Asks: 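Just dropping this structure here.
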Amino acid sequence: MENSTYKVYEDEIQLLEEEIKLLAEKYDDVKQESTFYSNEEILTSIKLFQREFQGESKGQECPSDLKAQLESLEREISFLMKFTGIQFTSHSKKTLEKNENRTVQKHRLSGNCRSLPFQLEFQLLETRDKENVSAVITDLSIVMESGEYSDLSKFVSSTEEHGNLLLFFRSLSSYAEWYEHRRCTFLHFKAKYPDIVALPEGQLGDYIILRNPKLSGFELMIVWKIHIDEEGRTTPVLDLLTKVPEQVLEQKMGPIENAPTCFRSMLLLFGIETTIENLIKVTGLEK
Amino acid sequence: MEERKAYSRDGVLAHLEMLEAQAHELALKQEEKEQQEEKLAGLKARVQELRARRDELRAKLELQQKRLLEKGGAETHPEQPSARAVLEWKIKSVKALLQLFYLTGISGKLTKRGVCFCISTAYEGTYLESYYLDVLTKPEVQIQRHSVPIFIPLEQIAKKYLQTDIRRFLSVLSDHLNAYAARRYQADQLQERFSDRLEGTLQRNSLCNLLVFHYNVPSDGRSFLFTARLLYADPCCSLPTEAIISCTPDAPAALAEVAAAHSDAFRRAALHKAFDSFSKAEETQDEALISPPGSP
């Protein structure tokens with residue numbers, strides 16, 4: 001009989017201890033999530049903190065400990081952001097639900113992937129069992145400045161629909177790399193052949209125009225689109241469009257009709273840069 | 001006379017011994033009782049203490065919620081925060097952001113001699129297993145340890161990219177791992193959610209790029225057994241390149257069309273989603289049979 005009386009109390013003690021733990025965590029979470037200190041406030045605090053302990057630093061490890069911890073964490077995150085090209089510029093989260101095996105948090109995350117900015121909102125459900133923590137994303141909402149990245153919009157809506165956050169990041173990285181590469185290539189050729197190459201939509205556009213300053217009416221347009229399918233695979237798609245005055249067209253129909261096909265073959269054989277350079281050189285030739 | 005004395009001496013001794021034993025037992029029982037009461041009192045006190053703490057915390061939380069509502073959701077430092085508190089806040093904040101990094105697919109931790117990378121895999125919104133690579137950067141870039149399964153061509157990929165472009169290396173490896181994780185997830189989902197349609201076990205290889213299974217297809221009130229053989233020739237793809245569906249010899253010719261449709265479905269959609277579409281198609285077929293269009 002004694003044992004069962006003990007058990008009643010012991011069970012209650014266990015329940016209370018768990019409840020206290022969760023309540024304390026909740027209080028800390030709410031405090032953490034509803035506070036915000038700017039970078040200046042943080043820098044000021046670091047200085048204050050050091051000064052506070054300057055007088056008492058008799059073999060205490062306290063003072064530099066927090067500062068060192070913060071510096072080490074910032075080094076880690078700085079490395080990751082630099083390495084992956086994914087920079088987070090702001091983050092806020094709110095814990096909606098938390099008990100021993102389940103946590104639901106709502107996150108708001110903005111940043112950029114190389115030069116492409118994004119804004120995300122999602123709910124993260126983490127379930128804990130004996131050894132694993134499993135994570136599921138729901139309610140994903142992605143905002144990317146539209147217009148400039150029209151290739152992306154279909155991909156983005158499909159990713160949103162399936163909550164495919166990981167695929168979004170992986171594909172965005174790949175797309176951003178191609179985007180950068182295209183921009184650099186266009187700039188490079190514009191700088192190298194300023195008379196022949198024109199960038200009507202600037203370096204962020206998706207085409208360049210080649211014209212010989214001495215031959216008017218004759219233009220080559222190289223369109224370089226970056227195609228991203230629903231599975232996130234990125235492929236560059238280049239095409240050649242020709243603009244030729246009518247008289248020339250009547251005479252030289254053949255080679256002009258074949259130009260796009262030749263262009264594609266050249267791409268396969270020589271790659272993008274060499275092909276474009278060859279075309280530029282051809283355009284610049286005196287007829 | 002002496003005998004009687006001896007007897008009574010023994011008797012007295014025995015009696016004394018008995019009394020001693022009884023007293024001892026009583027003392028023990030008394031001690032036990034006291035211990036139990038002490039323990040019980042201790043437990044009761046602990047319960048009181050914990051209840052008080054719990055109530056205190058509840059009140060603290062309520063107050064916190066009230067203040068937040070008043071301030072419109074953001075605490076604006078009612079008390080001047082100590083420098084320590086600000087730093088601790090920042091540390092927690094950076095830790096939280098670091099923890100989120102795995103959601104992007106590639107994260108890692110700096111180590112003494114290099115970096116320990118973590119490649120995450122996911123299927124749609126569900127994150128699956130993560131794989132680790134302990135990479136040393138000196139004297140040259142090399143993988144010291146890893147948790148990549150043996151059927152993923154890690155060495156080949158490393159040979160091609162590790163020295164020249166480590167980002168590309170991780171990205172290609174991530175493609176392989178994610179495709180594998182997605183194939184495995186689909187096969188698991190099929191087994192879990194459509195076990196009633198499957199006959200026998202689903203056979204798969206470790207890379208999950210060859211699947212063979214048998215499933216039931218209802219037609220005209222009967223059930224026919226189909227065999228599916230799915231081959232995923234592209235290791236970075238989670239859809240099969242080949243889907244051979246065959247029926248049993250006694251199946252009616254009309255089912256060949258169904259088999260072709262299924263083959264198509266398997267090649268275009270994820271395994272479990274293809275099955276979802278079959279179930280839906282069959283339901284509408286049943287409904288059409290029960291109440292054909294045009295009837296009241």
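Quick caveat: nothing in here was measured; it's all calculated off a predicted structure. To find a chain, count down the sequence lines: A is the first, B the second, and so on, and within it residues start at 1. These values consider heavy atoms only, across backbone and side chains, with no hydrogens, waters or symmetry-generated copies.
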Asks: Would you say B:Lys92 and A:Asp28 make side-chain contact, with heavy atoms under 4.5 Å?
Replies: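 Yes; the side chains approach each other to less than 4.5 Å.
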
Asks: Do A:Tyr6 and B:Leu40 come within less than 4.5 Å of each other through their side chains, counting heavy atoms only?
Replies: yes

Asks: If you measure from CG on A:Leu73 to CD1 on B:Ile91, what distance do you get to the nearest 0.5 Å?
Replies: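 A:Leu73 CG to B:Ile91 CD1: 6.5 Å, rounded to 0.5 Å.
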
Asks: Applying side-chain contact (heavy atoms from CB on, under 4.5 Å) to B:Val86 and A:Thr44, what does each step give before you reach the verdict?
Replies: CA-CA 10 Å; B:Val86 174; A:Thr44 326; over 6 Å; no

Asks: Between chain B and each of A:Arg233, A:Lys93, A:His107, count heavy-atom pairs under 4.5 Å; write down the option with the most.
Replies: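 It is A:His107.
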
Asks: Mind running ring pair (Phe, Tyr, Trp, His ring centres under 6.0 Å) on B:Tyr102 and A:Phe169 for me, showing each step along the way?
Replies: CA-CA 11 Å; B:Tyr102 80 93; A:Phe169 278 120; over 10 Å; no

Asks: Flag the one option from B:Arg53, B:Lys39, B:Lys109 with the top tally of heavy-atom pairs under 4.5 Å to chain A.
Replies: B:Lys39

Asks: Could you tell me which of B:Ala83, B:Ala85, B:Ser82 has the largest number of non-hydrogen atom pairs under 4.5 Å with chain A?
Replies: B:Ala83

Asks: When you measure from the centre of the six-membered ring of A:Tyr9, is the NZ or CZ of B:Arg46 under 6.0 Å away and within 45° of the axis?
Replies: no

Asks: For the side-chain contact (heavy atoms from CB on, under 4.5 Å) test, which of A:Leu166, A:Leu165, A:Ile86 pairs with B:Thr104?
Replies: A:Ile86

Asks: Non-hydrogen atoms of chain B under 4.5 Å away: do they reach the side chain of A:Phe168, the backbone, both or neither?
Replies: neither

Asks: Taking atom CD of B:Gln156 as the centre, does the number of heavy atoms from other residues, nucleotides or ligands within less than 6.0 Å exceed 12?
Replies: no

Asks: I need the minimum non-hydrogen distance between B:Trp89 and A:Phe36, along with the two atoms involved.
Replies: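 Between these two residues, the closest heavy atoms are CZ2-CA, 3.7 Å.
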
Asks: In terms of ring plane angle, is the pair B:Phe117 and A:Phe83 parallel, tilted or perpendicular, where the classes change at 30° and 60°?
Replies: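 Because their plane-to-plane angle lies in the 30° to 60° range, the rings of B:Phe117 and A:Phe83 count as tilted.
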
Asks: Give, as side chain, backbone, both or neither, the part of B:Ser171 having an atom under 4.5 angstrom from any heavy atom of chain A.
Replies: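 No part of B:Ser171 comes within 4.5 Å of chain A.
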
Asks: Do the side chain of A:Glu76 and the main chain of B:Leu98 share a donor and acceptor less than 3.5 angstrom apart?
Replies: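 Side chain of A:Glu76 to backbone of B:Leu98: no pair is present.
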
Asks: Examine whether an atom of B:Gln65 lies under 4.5 Å from a heavy atom of chain A, and if so say whether it belongs to the side chain, the backbone or both; otherwise answer neither.
Replies: side chain

Asks: Would you mind checking which part of A:Gln123 comes under 4.5 Å of any heavy atom in chain B, side chain (CB onward), backbone (N, CA, C, O), both or neither?
Replies: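 When you check distances to chain B, no heavy atom of A:Gln123 falls under 4.5 Å.
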
Asks: Which atoms of A:Asp29 are under 4.5 Å from chain B, going by heavy atoms: the side chain, the backbone, both sets, or neither?
Replies: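 Neither part.
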
Asks: Between B:Arg51 and A:Glu12, does any NZ, NE, NH1 or NH2 come within less than 4.0 Å of an OD or OE carboxylate oxygen?
Replies: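 So A:Glu12 pairs with B:Arg51 through a salt bridge.
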
Asks: Would you call B:Leu100 and A:Leu124 a side-chain contact if the rule is heavy atoms closer than 4.5 Å?
Replies: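 Yes, close enough: below the 4.5 Å cut-off.
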
Asks: Is there side-chain contact between A:Ile77 and B:Lys95, with heavy atoms separated by less than 4.5 Å?
Replies: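 When only atoms from C-beta onward are counted, B:Lys95 and A:Ile77 do not touch, as no gap falls below 4.5 Å.
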
Asks: Do B:Tyr127 and A:Val133 have side-chain heavy atoms sitting under 4.5 Å apart?
Replies: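 B:Tyr127 does not reach A:Val133 side chain to side chain.
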
Asks: Would you compute the distance between atom NZ of B:Lys44 and atom CD1 of A:Ile13 and round it to the nearest 0.5 angstrom?
Replies: 12.0 Å

Asks: Between chain B and each of A:Ala24, A:Gly163, A:Ser45, count heavy-atom pairs under 4.5 Å; write down the option with the most.
Replies: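 Most heavy-atom pairs within the cutoff with chain B belong to A:Ser45.
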
Asks: Under a 4.5 Å cut-off applied to non-hydrogen side-chain atoms, are A:Arg170 and B:Asn178 in contact?
Replies: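 With C-beta onward as the side chain, the pair touches.
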
Asks: Looking at A:Glu74, A:Glu17, A:Glu10, which has the largest count of heavy-atom pairs under 4.5 Å with chain B?
Replies: A:Glu17

Asks: Chain A heavy atoms under 4.5 Å from B:Leu128: which part of the residue, side chain, backbone, both or neither?
Replies: neither

Asks: Pick from A:Thr84, A:Leu172, A:Ile42: which one has the most heavy-atom pairs with chain B under 4.5 Å?
Replies: A:Ile42

Asks: Check each atom of A:Lys47 against the heavy atoms of chain B and say whether the ones under 4.5 Å are side chain, backbone, both or neither.
Replies: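 Contact with chain B involves no heavy atom of A:Lys47 at all.
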
Asks: Is the closest side-chain heavy-atom distance between B:Glu88 and A:Gln32 below 4.5 Å?
Replies: no

Asks: Quick check for you: to the nearest 0.5 Å, what is the distance between A:Leu15 atom CG and B:Arg54 atom CZ?
Replies: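 Nearest 0.5 Å value for the CG-CZ distance: 10.0 Å.
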
Asks: I'd like to check A:Leu167 versus B:Tyr123 (side-chain heavy atoms, cut-off strictly below 4.5 Å). Are they in contact?
Replies: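 No, every pair of side-chain atoms sits at 4.5 Å or beyond.
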
Asks: Could you tell me which of B:Ile106, B:Leu170, B:Thr126, B:Leu110 has the largest number of non-hydrogen atom pairs under 4.5 Å with chain A?
Replies: B:Leu110

Asks: Using a cut-off of under 4.5 Å for heavy-atom pairs, which of A:Ile46, A:Leu125, A:Thr138, A:Leu80 has the most such pairs with chain B?
Replies: A:Leu80

Asks: Please name the pair of heavy atoms, one in A:Leu16 and one in B:Val47, separated by the smallest distance, quoted to 0.1 Å.
Replies: CD1-O, 3.9 Å

Asks: Can A:Glu19 and B:Arg58 be counted as an ion pair, charged N to O under 4.0 angstrom?
Replies: yes

